[in-house]
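Here's the structure, in structure tokens; my notes come after.
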Amino acid sequence: MKIPDHIKDYYIWNGINPGYAMLYRKVAGLPGLLIYIYVRWQKNIPDYMTKLKSEWVKLDNVKMFQEGFEMDRKTKNMALRKLEKEELIQVDYEPGKAPVVRLRLE
């Protein structure tokens, strides 16, 4: 999906670009918006052992629920598929583990 030029010009507050946020919402609805905000927020938190920030964020259902980003597992997976199809995210799936996501828009 080509990103319109005017979206790139929006003011970025704390790493969250409102234009990108609305693009994620347009593609995958409210779950897409929640995924975008959660991933941007988690990217700004350094790893507690290495003190480094990672581009990849684990979308663990329990942690998302604890942080107030609760959504049904099926809803989350459907949103991830829509976002991945539109090339807004890159997802790494491992059987029996939570998906790991990287935003493709920065």
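- The nearest pair of heavy atoms linking Lys63 to Gln42 is NZ-OE1, 3.5 Å.
- Here the shortest heavy-atom pairing between Ala79 and Pro31 reads CB-CB, 3.8 Å.
- Here CG of Leu88 is found 11.0 Å from NZ of Lys26. Values are rounded to the nearest 0.5 Å.
- Hydrophobic clustering, with ILVMFWY side chains joined whenever heavy atoms are under 4.5 angstrom apart, keeps Leu34 apart from Val100.
- Lys76 places a side-chain N or O within donor-acceptor distance of the main-chain N or O of Leu59, the cut-off being under 3.5 Å.
- In this structure, the separation between CG on Leu23 and CG on Leu33 is 11.0 Å, given to the nearest 0.5 Å.
- Looking at Tyr36, its side chain does come within 3.5 Å of a backbone N or O of Asn17 through a donor-acceptor pair.
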Met78 vs Lys82, side-chain contact (heavy atoms from CB on, under 4.5 Å): CA-CA, chis, key distance, verdict | CA-CA 6 Å; Met78 190 166 51; Lys82 288 178 183 179; 4.1 Å; yes
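- Residues Gln90 and Arg104 have side chains that never bring a donor and an acceptor to within less than 3.5 angstrom of each other.
- Residues Trp41 and Val57 are not in side-chain contact: their nearest non-hydrogen atoms beyond the backbone lie 4.5 Å or more apart.
- With rounding to the nearest 0.5 Å, the separation of CD1 in Ile37 from CZ in Arg25 is 10.5 Å.
- Leu80 and Trp56 fall into different hydrophobic clusters, defined by Ile, Leu, Val, Met, Phe, Trp and Tyr side-chain heavy atoms under 4.5 Å apart, directly or through other members.
- Crowding of Tyr93 atom OH: a count of heavy atoms from other residues, nucleotides or ligands under 6.0 Å exceeding 12.
- Summarising the geometry, atom CE belonging to Met71 is positioned 10.0 Å from atom CG belonging to Asn77; distances are rounded to the nearest 0.5 Å.
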Report the C-alpha separation of Tyr24 and Leu103 in whole Å, then their side-chain angles, then the decisive distance to 0.1 Å, and conclude whether the side-chain contact (heavy atoms from CB on, under 4.5 Å) test is met.
-> CA-CA 11 Å; Tyr24 278 71; Leu103 299 178; 3.4 Å; yes
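- Note on Ile35 and Phe65: separate hydrophobic clusters, where clusters join Ile, Leu, Val, Met, Phe, Trp and Tyr whose side-chain heavy atoms are under 4.5 Å apart, directly or indirectly.
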